[in-house]
Amino acid sequence: MLGPIAAVVLLIAAGLGVRALLRPTAVERDANTLVARSDATLRAGNVSGARGLARQAVAADVSSAPAHLAAARAALAEGDGLTAEAEIGRAVDAGTPRATTRAMSAHARLLQNDATGALAIAQTAPDADRSYARRIEALALAANGDIAGAQMVWNRALAQAPDDAALWSDIARFSLAQGDLGRARLAADRAVALDPARVDALLARARVARLRVGLVTALPWQRRALARDPNSYAALIDHAATLGDVGQGRAMLATTRRALAVRPGDPQAFYLLATLAARTGKFTLARALFDRVGGGFDRTPGALLLGAMLDIDGGDNEQAVARLRNLIGLQPMNIRARQLLGVALLRLDAAQEALATLRPVALRDDADSYTLIVSARAFEHTGDRATAAGLLDRAATLGAGPARQFAAEDSIAITAAAATAGDVTTTVPLLRALLDERQTQTAVTVAAPLVRLSAMRPAAWLAYGDAQYLAGRRSAAAGAYRRGAALRLDAPAMLRLAATDDVRSTLDHYRAANPADPTGWRLAALSALARQDPAAARGPLERLRTLSDGGDAAVLAALALVYDGEQAVATGAAAYRLAPASALTCDAYGWALLRAGDRTRAGQLLRKAAILAPTNPQVRWHLSQLRA
């Protein structure tokens, strides 16, 4: 056998030269080229494309450490910690020093929900990777509930690398999870400015836009993310969900199918498809799709709510009750969950339990008609028809009082013991208890630190405004509500603004951003009716009828008043069928009949309305026209 020196001599003799020994083979060239292309594609924001190229590099040279590291980087960017960890191990086996992979390994551990392990590994990363490692340390601390520790590490990381787009993107997502929309927006804007190609930063900015202003404003950011990476599963899912929420069902379906093509069988995509089927009334299909969601994702709040709706439709009220109690345990202020639980309990003849469930919602000044109708049915079950009639009258009223926090579920003493000054999460329950007991000045005092210490959180300003409003300080409340709405313009903020301020310009902006939210259309209709402009009220009312599938007695009664002729009569009859014990539906139907010339039936209904609501000025005036 030839020794190494003899082999070199023979090669030289063959005219190849020593340089030929150092020149990479075609396979090696292909692998290295693919790695370079993968990294460049990753920097351009196309994570799925980078991952495909890295896989090709590994296939070209399975012994290439750079190829395995490229595959790990792409997997980490896509959120696949398991694959990333495996590829890091292969890179180490191929000769990569383990110390240089510490930060990546910590990231992979974190993506596998091992925050403690991720923290331990990140703390051993070399100085060269300290910025990356600190990012993972902060995220691991936050995942373990050490928010203060995470903030300290982020501050150190920012001092070391103030222009790290990945770091700012992490801070944006963390701030969103904490409800700190002001900081989330600043961080997301900074991340996008530093690296316009970062898909996770663009998606964080989309979520900020969705929460701050409305659904429609998130769409351009999501489209920018998809332009960078057309096969980004996270971007496709976010985009599909937003399209569905704004009522673009076909576009949602197409986008969800694209997501399933990227990640076949993924439960989140099936959840979206089930939601779309339920929205269009295809409940059998929705149940079949929901069954494919599986046992993990179906325990999240949205899936619990959808599952309960399908249970109620299918007659499995016991299962619906179990799901909804679980959901209310997670989200005590979820109005829709309480509504559905009330319905399921009523079907199980548990009227008192239904009333206890609905009470925190029905006591709100801005309680919606559906909640009031279900509560009225519960009172009817208990034999209290007088209270039921009062609730039905409220349900048939288009207007609503100002939104405020739920009724308290614990005493002042219990909530005070848990409250921390300036912390929204622990202070709001105390404020509810104080406001329920009409201790408004104490509530104002307790709420004041919120807007000093949590000034970037909309919930802080709304809670402070509620305390001021109930203390009779309308101007101070309006100012607080405006500050909260500037951070997050959602339905609760709009209702509060409408109760204290002129919202016409804000309302147009809100409706444009949230076309499927009835709040904006209801406020627009109320504003037009208050100006005695029935023509301007008609469009918003018709939109509300569409959104409620014709099931809102208050909307139909209002339409009966603004329509003419047979259209008014037909709409009034529909309102009356939904709420025949309501003075306002009787009045609207009777007034429509009177204008159409049917004085006999009109008289019966208008007199019934006067018996049910003898002091209502509208009812009294309409009855006077019958006698004229």
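Annotation: side chain to side chain contact (heavy atoms under 4.5 Å, CB included) contacts of Ala75 (sequence neighbours excluded): Arg51, Asp80, Thr83, Ala84. Looking at residues two or more places apart in sequence or on another chain, you find a side chain to side chain contact (heavy atoms under 4.5 Å, CB included) between Ala240 and Met252, Thr255, Thr256, Leu272. Taking the side chain to side chain contact (heavy atoms under 4.5 Å, CB included) definition, one finds that Ala337 meets it with Leu305, Leu324, Leu327, Ile328, Asn334, sequence neighbours left out. Among residues two or more places apart in sequence or in another chain, the side chain to side chain contact (heavy atoms under 4.5 Å, CB included) test is passed with Asn514 by Leu215, Tyr510, Asp517.
Within the 4.5 Å cutoff, the side chain of Leu186 has no heavy atoms near those of the Trp168 side chain. The closest side-chain heavy-atom distance from Leu219 to Leu243 is below 4.5 Å. Contact check for Asp163 versus Arg190: side-chain heavy atoms found under the 4.5 Å cut-off. Residues Leu276 and Leu289 form no side-chain contact, since every pair of their non-hydrogen atoms from C-beta on lies 4.5 Å or further apart. Taking the side chain as every heavy atom from C-beta outward, Met456 and Arg185 never approach each other to under 4.5 Å. For the pair Arg205 and Asp189, the minimum side-chain heavy-atom distance is below 4.5 Å.
The ring-ring contact (aromatic ring centres under 6.0 Å, His included) pairs that include a residue from residues 194-243 number zero, where partners must be two or more places apart or lie in different chains. For the salt bridge (charged side-chain N to carboxylate O under 4.0 Å, His left out) condition, the pairs that include at least one residue of residues 239-249, sequence neighbours left out, are Arg210-Asp245, Asp245-Arg279. Counting only residues at least two apart or on different chains, no salt bridge (charged side-chain N to carboxylate O under 4.0 Å, His left out) pair has a member in residues 91-105. Sorted by first and then second residue, the salt bridge (charged side-chain N to carboxylate O under 4.0 Å, His left out) pairs involving residues 218-237 (not counting sequence neighbours) form an empty list. Under the salt bridge (charged side-chain N to carboxylate O under 4.0 Å, His left out) criterion, the residue pairs touching residues 105-117 are Glu85-Arg109, Arg109-Asp114, with sequence neighbours excluded. Listed by first and then second residue, the ring-ring contact (aromatic ring centres under 6.0 Å, His included) pairs involving residues 40-74 amount to none (not counting sequence neighbours).
Rounding to the nearest 0.5 Å places OG1 of Thr217 at 9.5 Å from CG of Leu489. Interatomic distance, Arg323 CZ to Leu306 CG, rounded to the nearest 0.5 Å: 8.5 Å.
No donor-acceptor contact under 3.5 angstrom links the side chains of Thr41 and Asp39, judged on distance only.
A salt bridge does not link Arg43 with Asp195: none of the charged nitrogens is closer than 4.0 Å to a carboxylate oxygen.
The number of heavy atoms from other shown groups lying within 6.0 Å of CZ (Arg183) is above 12.
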All N/O donor-acceptor pairs, side-chain side in residues 120-133, below 3.5 Å, sequence neighbours left out:
from	atom 1	to	atom 2	distance (Å)
Thr124	OG1	Ile121	O	2.7
Arg130	NH1	Glu137	OE2	2.7
Arg130	NH2	Ala125	O	3.0
Ser131	OG	Asp164	OD2	3.2
Tyr132	OH	His107	ND1	2.8

Expected list for residues 155-162: side-chain donor-acceptor pairs under 3.5 angstrom, two or more places apart:
from	atom 1	to	atom 2	distance (Å)
Asn155	ND2	Gln151	O	3.2
Gln160	OE1	Arg134	NH1	2.6

